[in-house]
Protein chains: 2
Amino acid sequence: MPRAGLSPAGVVDAALALIDEQGPEALTLSAVAVRTGVATPSLYKHVRNISELRTLIAQRVMEEMTDLVGTAVMGRGGPEAVIALMRVWRRYAVEHPFRYAAMPPAPLIDPALAEAGGRLLEVVLAVLRGCGLEGGAAVHTARCLRAAVHGFAVLEVAGGFGLSEDLDTSYRLLEKTIVDGLLPAEND
Amino acid sequence: MPRAGLSPAGVVDAALALIDEQGPEALTLSAVAVRTGVATPSLYKHVRNISELRTLIAQRVMEEMTDLVGTAVMGRGGPEAVIALMRVWRRYAVEHPFRYAAMPPAPLIDPALAEAGGRLLEVVLAVLRGCGLEGGAAVHTARCLRAAVHGFAVLEVAGGFGLSEDLDTSYRLLEKTIVDGLLPAEND
DNA sequence: CTGAAAAGCTAATGGCTTTAGCCGTCGTGT
DNA sequence: ACACGACGGCTAAAGCCATTAGCTTTTCAG
């Protein structure tokens, strides 16, 4: 029996492909085993258990998100950067709905996710710093921003906005609300 | 063997108690069976399968939410009603975190939940009507309001706001942002 | 070339959902 | 009073999942 040449990263790759195609429900070790051409118990050589696999997936997704947001806000500042962040966040969710759903709501709580989560948070705080927000005010603002963006993304991805009105229009309203109501007035 | 006197509602009661105590993960038919003093397969006399049980739970939760929001906004109008809605929504989520998590993001999609979901939506739209919003504008506004409130609730309940800043302060900022930025200016 | 670590595998356990089929209980109509 | 049918309970069993144990094979370092 030739080796399959698997590795932890390979397992995560297969798991992500599975999630992308069939949703988080479909993430089972036996499905991953089939996809990697290996017997289920063999996966335990690369991953401690399914819970650790989920953690690794969450890490990946958060890293992707951090990269995406990071490059989107690069070269921008102030409200413009906030809008860029909001757009790219929603776009990721819409383009990878199941992957987005695999993003943990409380990464900082889990030691294994704290680092990746912290990096993402850092990007958000940097954007807010560019709007003149620091310290406690920045934290409160970041929470509201995150609540709005994440709430919209979750609901859109789940099909929670059932009525026929245009979603882009709704989101533009959210962007405007955030920029006008949440950020400090610009006085340059 | 004396009868247990079970009914669909009784099964849902037990399931809700279970969820309240141990979270949605713990919702298994065998746990419900233990709690109701019955063998697992007996539950199938009252509930078609675990998926239907989840639907029934979601109905209950949405009804509770509708009642709560309905009475909270009663006798209020305009932005005051919006703030009352936001407060009671968050309070429900914090007081019944697991129950809140059992609320489906897209009830209108599921025929079995469309009615309960529609009633809740109606209450929200009525509140917005009191702010002078109708038709398409009301829908877009409702989406943003829901995104913000739901997003905050989900994240708070999951422990997603890890930093030490006061959560009530953050939420007040969100309330202010919504009222100032999302609702049409008052000119009475 | 040898030996040990790494990476497979099969077998087996225990939990969960679900179906099938059996039996006692209860209320209703006679 | 009672017979009977519907209903609500039960056991048995199948099938899927995660996980563990223990065995074999491959690989690679020395």
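Contacts of A:R91 classified as side chain to side chain donor-acceptor pair (under 3.5 Å), with partners at least two apart in sequence or in another chain: none. Residues that satisfy the salt bridge (charged side-chain N to carboxylate O under 4.0 Å, His left out) test with B:E165, not counting sequence neighbours, are absent from this structure. By the salt bridge (charged side-chain N to carboxylate O under 4.0 Å, His left out) test, A:D67 is found to be paired with no residue, residues two or more places apart in sequence or in another chain being considered. Looking at residues two or more places apart in sequence or on another chain, you find a salt bridge (charged side-chain N to carboxylate O under 4.0 Å, His left out) between A:E80 and A:R76. For the ring-ring contact (aromatic ring centres under 6.0 Å, His included) test, residues two or more places apart in sequence or in another chain that qualify with A:Y92 are A:H96. Every residue meeting the salt bridge (charged side-chain N to carboxylate O under 4.0 Å, His left out) condition with B:K176, not counting sequence neighbours, appears here in chain and number order: B:D180.
Sorted by first then second residue, the salt bridge (charged side-chain N to carboxylate O under 4.0 Å, His left out) pairs that include residues 9-20 of chain A, not counting sequence neighbours, are A:D13-A:R60, A:D20-A:R99.
Residues from residues 40-52 of chain A lying near DNA chain C, meaning a heavy-atom separation below 4.0 Å, are A:P41, A:S42, A:K45, A:H46 in numerical order. Contacts between residues 6-30 of chain A and DNA chain D, defined by a heavy-atom separation below 4.0 Å, involve A:T28, A:L29, A:S30, listed by number.
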